[in-house]
Amino acid sequence: MAQEGLRVEQRHGKARVRVGRVWRQGGDGSHHFVEWNVSISLLSHCLSSYHRDDNSDIVATDTMKNTVYVKAKECGDRLSVEEFAILLGNHFCSFYPQVYTAIVNIIEKPWERVCIDGKPHLHGFKLGSDNHTVEATVQKSGALSLTSGVSGLALLKTTQSGFEKFVRDKYTILPDTRERMLATEVNASWRYSYDSVASVPKKELYFNEKFMEVKKVLMDTFFGPPDTGVYSPSVQRTLYLMGDAVLRRFADVASIHLKMPNIHFLPVNLSSKENPSMVKFKDDVYLPTDEPHGSIEATLRRITSKI
């Protein structure tokens, strides 16, 4: 029996359901492959399982796992990871009367088609480096919150970066510089403006194209023109310009969150009594480090008029 004076906020789900899917219907005989890591969380009216020995309203997490494979099988045509997340969320909310919200998170591993002698292979793939991420929150009413992202996007440039005129006090030893390497591992997530399942674009593989386009804008802004580059006065400024470029370019992106650790490459100077200039740093030899590192993140969103 429930104890008086207690409020229970609950959800349950299944995490890390791994599924691979091959589509073999390419007109040229080519295969298409995706690997998804799916996590599902359901908000449902099943308080009786907490208050009493009554599991009659619980959707078993094993059932959720099985549903992922069934729905993957039913998708006879290629679809984006965003579409699959929405499909799963919509299924759980419509199939089970007690489920009122489904939150589906998916990580797509970066399998890329290989080229042999300059020709795309029909059924050969290699693993890339950055992941495509998605979170779809679907409600029984059909309301939708959809966020896509990229994680582990490692970027580096060997010049056109500096950091100076920052706060300096008795704890500061970092010198000002206008010449340093800039390296980071971008984790970005952008929320689309579509607020219902019905409003999602019907164009085939729309979100796959959008993912590649957003990633290109992020990288182009980070690096600048290929012949000259672009100067970065701080990770903060570069992060802002990257997010701003995405919002300016894509009208259906409502906000973007960027997390960009400042991964340091430290100048190497080596000396000994016998050889005082064994290695004298001249912007050439560095010690790569990954910790400790700077941590910079921000969210940019459109300011909507209330007039």
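For this chain, numbers begin at 1 and follow the sequence in order. Because only heavy atoms are used, hydrogens play no part in the values below, and waters and symmetry mates are left out as well, while side chains stay in.
- Of the options Arg11, Gln98, Met64, a side-chain contact (heavy atoms from CB on, under 4.5 Å) to Leu42 is made by Met64 and by none of the others.
- Between the side chains of Thr133 and Asn131, not a single donor N or O lies within less than 3.5 Å of an accepting N or O.
- To the nearest 0.5 Å, the span separating CZ on Arg168 from CD1 on Ile173 amounts to 10.0 Å.
- A continuous path of hydrophobic side-chain contacts links Met242 to Met219 [ILVMFWY only; heavy atoms under 4.5 Å].
- Taking both residues in full, the closest heavy atoms of Phe95 and Pro97 are given as O-CD, 3.7 Å, listed atom of the first, atom of the second, then distance.
- A 4.5 Å side-chain heavy-atom check between Phe211 and Leu205 finds every atom pair outside the cut-off.
- The CG atom of Leu88 sits 6.0 Å away from the CD1 atom of Ile106 when rounded to the nearest 0.5 Å.
- Inter-residue side-chain proximity for Gln139 and Tyr100 is flagged as unmet; no heavy-atom pair is nearer than 4.5 Å.
- In this structure a side-chain-to-backbone donor-acceptor pair under 3.5 Å is present from Ser199 to Ser196.
- Contact between Ser193 and Ala251 at its shortest, heavy atoms only, is OG-O, 4.5 Å.
- For the pair Arg178 and Tyr231, the cation sits on the ring face: its NZ or CZ lies under 6.0 Å from the ring centre, inside 45° of the axis.
- When atom types are taken as modelled, the side chain of Asp57 and the backbone of Ser49 share no donor-acceptor pair closer than 3.5 angstrom.
- Judged by distance alone, the side chains of Tyr206 and Lys210 do bring a donor and an acceptor atom under 3.5 Å apart.
- The heavy-atom pair separating Trp190 from Val253 by the smallest distance is CB-CG1, 3.8 Å.
- Below 30°, between 30° and 60°, or above 60°: for Phe207 and Tyr194 the angle between ring planes is above 60°, a perpendicular geometry.
- Counted within 6.0 Å of NZ on Lys273, heavy atoms from surrounding residues, nucleotides or ligands total 12 or fewer; the atom is thus considered open.
- When all heavy atoms of Leu300 and Asp244 are compared, the pair lying nearest together is CD2-N, 3.6 Å.
- The aromatic rings of His121 and His123 stand perpendicular to each other, their planes meeting at an angle above 60°, with 30° marking the opposite boundary.
- To the nearest 0.5 angstrom, Lys280 atom NZ is 12.0 Å from Leu270 atom CG.
- Sorted by first and then second residue, the side chain to side chain donor-acceptor pair (under 3.5 Å) pairs with a member in residues 140-158 read Glu82-Ser148; sequence neighbours excluded.
- Heavy-atom contacts from other residues, nucleotides or ligands closer than 6.0 Å to CG of Asp169 number more than 12.
- Judged by distance alone, the side chain of Thr238 and the main-chain N or O of Ser232 form no donor-acceptor pair under 3.5 Å.
- Atom CD of Glu204 is surrounded by 12 or fewer heavy atoms from other residues, nucleotides or ligands within 6.0 Å.
- Under 4.0 Å is where a charged nitrogen must lie from a carboxylate oxygen, and between Lys71 and Glu74 at least one such pair does.
- Other residues, nucleotides and ligands place more than 12 heavy atoms under 6.0 Å from the CZ atom of Arg302.
- The distance from the NZ atom of Lys216 to the CZ atom of Arg249 is 9.0 Å, given to the nearest 0.5 Å.
- In this structure, Lys126 and Trp111 have side chains that are not in contact, with every pair of non-hydrogen atoms separated by 4.5 Å or more.
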If you apply the rule side chain to side chain contact (heavy atoms under 4.5 Å, CB included), what do you find for Leu156 with Leu182, and how did you get there? CA-CA 6 Å; Leu156 178 150; Leu182 179 58; over 6 Å; no
The test is side chain to side chain contact (heavy atoms under 4.5 Å, CB included); show your working for Val230 and Gln160 and say whether it passes. CA-CA 6 Å; Val230 62; Gln160 289 278 54; 5.7 Å; no
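- With 3.5 Å as the limit, one finds a donor-acceptor pair spanning the side chains of Glu179 and Thr159.
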May I have the step-by-step check of salt bridge (charged side-chain N to carboxylate O under 4.0 Å, His left out) for Lys203 and Glu209, ending in yes or no? CA-CA 10 Å; Lys203 181 182 177 182; Glu209 294 179 10; 3.1 Å; yes
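- A heavy-atom distance below 4.5 Å is found between the side chains of Leu174 and Phe163.
- The cluster map of Ile, Leu, Val, Met, Phe, Trp and Tyr, joined by side-chain heavy atoms under 4.5 Å apart, puts Tyr240 and Ile296 in the same cluster.
- The distance from the CD1 atom of Ile58 to the OG1 atom of Thr63 is 11.0 Å, given to the nearest 0.5 Å.
- Looking at heavy atoms from C-beta onward, Leu47 lies in side-chain contact with Gln10 at the 4.5 angstrom threshold.
- Within the 4.5 Å cutoff, the side chain of Thr289 has no heavy atoms near those of the Ile263 side chain.
- Using a 4.5 Å heavy-atom threshold, the side chains of Tyr192 and Leu144 count as separate.
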Val104 and Val38: CA distance, side-chain angles, deciding distance, side chain to side chain contact (heavy atoms under 4.5 Å, CB included) verdict: CA-CA 7 Å; Val104 181; Val38 182; 4.2 Å; yes
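- Tracing side-chain contacts under 4.5 Å through hydrophobic residues (I, L, V, M, F, W, Y), one reaches Met212 starting from Phe222; they form part of the same cluster.
- No continuous path of ILVMFWY side-chain contacts below 4.5 Å connects Phe265 to Val235, so the two sit in separate hydrophobic clusters.
- In plain terms, the two heavy atoms of Ser272 and Met278 that are nearest each other are OG-CE, 3.9 Å.
- A donor-acceptor contact shorter than 3.5 Å is absent between the side chain of Arg24 and the backbone of His31.
- Counting non-hydrogen atoms of neighbouring residues, nucleotides and ligands closer than 6.0 angstrom, the NZ atom of Lys215 exceeds 12 such neighbours.
- The CG atom of Asp130 sits 10.5 Å away from atom CD of Glu108, with the distance rounded to the nearest 0.5 Å.
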Apply the test side chain to side chain contact (heavy atoms under 4.5 Å, CB included) to residues Lys109 and His132: give CA-CA distance (whole Å), side-chain angles for both, the deciding distance (0.1 Å), then the verdict. CA-CA 7 Å; Lys109 295 188 73 171; His132 183 173; over 6 Å; no
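- A donor-acceptor pair under 3.5 Å is absent between the side-chain atoms of His32 and the main chain of Arg21, judged by distance alone.
- Side-chain atoms of Lys202 come within 3.5 Å of backbone atoms of Val200 as a donor-acceptor pair (strictly under, hydrogens ignored).
- At least one side-chain heavy atom of Ser30 sits under 4.5 Å from a side-chain heavy atom of Leu122.
- Of all non-hydrogen atoms in Asn262 and Arg180, the two that sit nearest each other are ND2-NH1, 3.6 Å.
- With hydrophobic clusters built from ILVMFWY side chains whose heavy atoms lie under 4.5 angstrom apart, Phe33 does not share a cluster with Val81.
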